[in-house]
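Comments concern the structure below.
None of the values given here were measured: they were computed from a predicted structure.
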Amino acid sequence: MGKLNVQKLKETLKYLESKQRELKRQDQNDVRSLESMIKYLKKDMMEQHNLAEHHQLIKQEIKDTESFIENVKNIIKINS
């Protein structure tokens, strides 16, 4: 298992959380661009930080952003 850059992961997670909050606030408006950005962020986080090495089920849970965020928080906590 490679060393995790926890600080960089924390920063990326904060950005993902802000976009998720923004998506929730949009409610009925056209949210496709936000959804695309969130999907890209999650995929990028998976690749950049090799999150699958730190959490076996994270790939299966990537579609649920709330679960993904909680899993990343747990990864950060374990590696801090």
Treating [X] as the side-chain partner and [Y] as the backbone partner, does any N or O pair qualify as donor plus acceptor under 3.5 Å?
| X | Y | result |
| --- | --- | --- |
| His49 | Leu51 | no |
| Asn5 | Lys8 | yes |
| Asp44 | Tyr40 | no |

State, yes or no, whether a side-chain contact exists between [X] and [Y] at a heavy-atom distance under 4.5 Å.
| X | Y | result |
| --- | --- | --- |
| Tyr15 | Gln20 | no |
| Glu70 | Lys73 | yes |
| Gln60 | Leu57 | yes |

State plainly whether the residues [X] and [Y] are in salt-bridge range, i.e. N to O under 4.0 Å.
| X | Y | value |
| --- | --- | --- |
| Lys14 | Glu17 | no |
| Glu35 | Lys39 | no |
| Lys42 | Glu47 | no |

Could you measure the distance from the [atom1] atom of [X] to the [atom2] atom of [Y]? Nearest 0.5 Å is fine.
| X | Y | atom1 | atom2 | answer |
| --- | --- | --- | --- | --- |
| Ile38 | Leu23 | CD1 | CG | 4.5 Å |
| Leu34 | Lys24 | CG | NZ | 13.0 Å |
| Ser80 | Leu4 | OG | CG | 8.5 Å |
| Gln7 | Ile76 | CD | CD1 | 9.0 Å |
| Lys59 | Ile62 | NZ | CD1 | 9.0 Å |

Next on the checklist: side chain to side chain contact (heavy atoms under 4.5 Å, CB included), that's the test. Do Phe68 and Leu41 meet it? Break it down for me.
Outcome noted: CA-CA 11 Å; Phe68 182 82; Leu41 274 170; over 6 Å; no

Next on the checklist: Among residues at least two apart in sequence or on other chains, which ones pass side chain to side chain donor-acceptor pair (under 3.5 Å) with Lys19?
Outcome noted: Glu22

Checklist entry - Closest approach of His54 and Asn50, non-hydrogen atoms and distance? => result CD2-O, 3.3 Å

Checklist entry - Is there a side chain to side chain contact (heavy atoms under 4.5 Å, CB included) between Val72 and Ile58 once you walk through the steps? => result CA-CA 9 Å; Val72 173; Ile58 200 161; 4.2 Å; yes

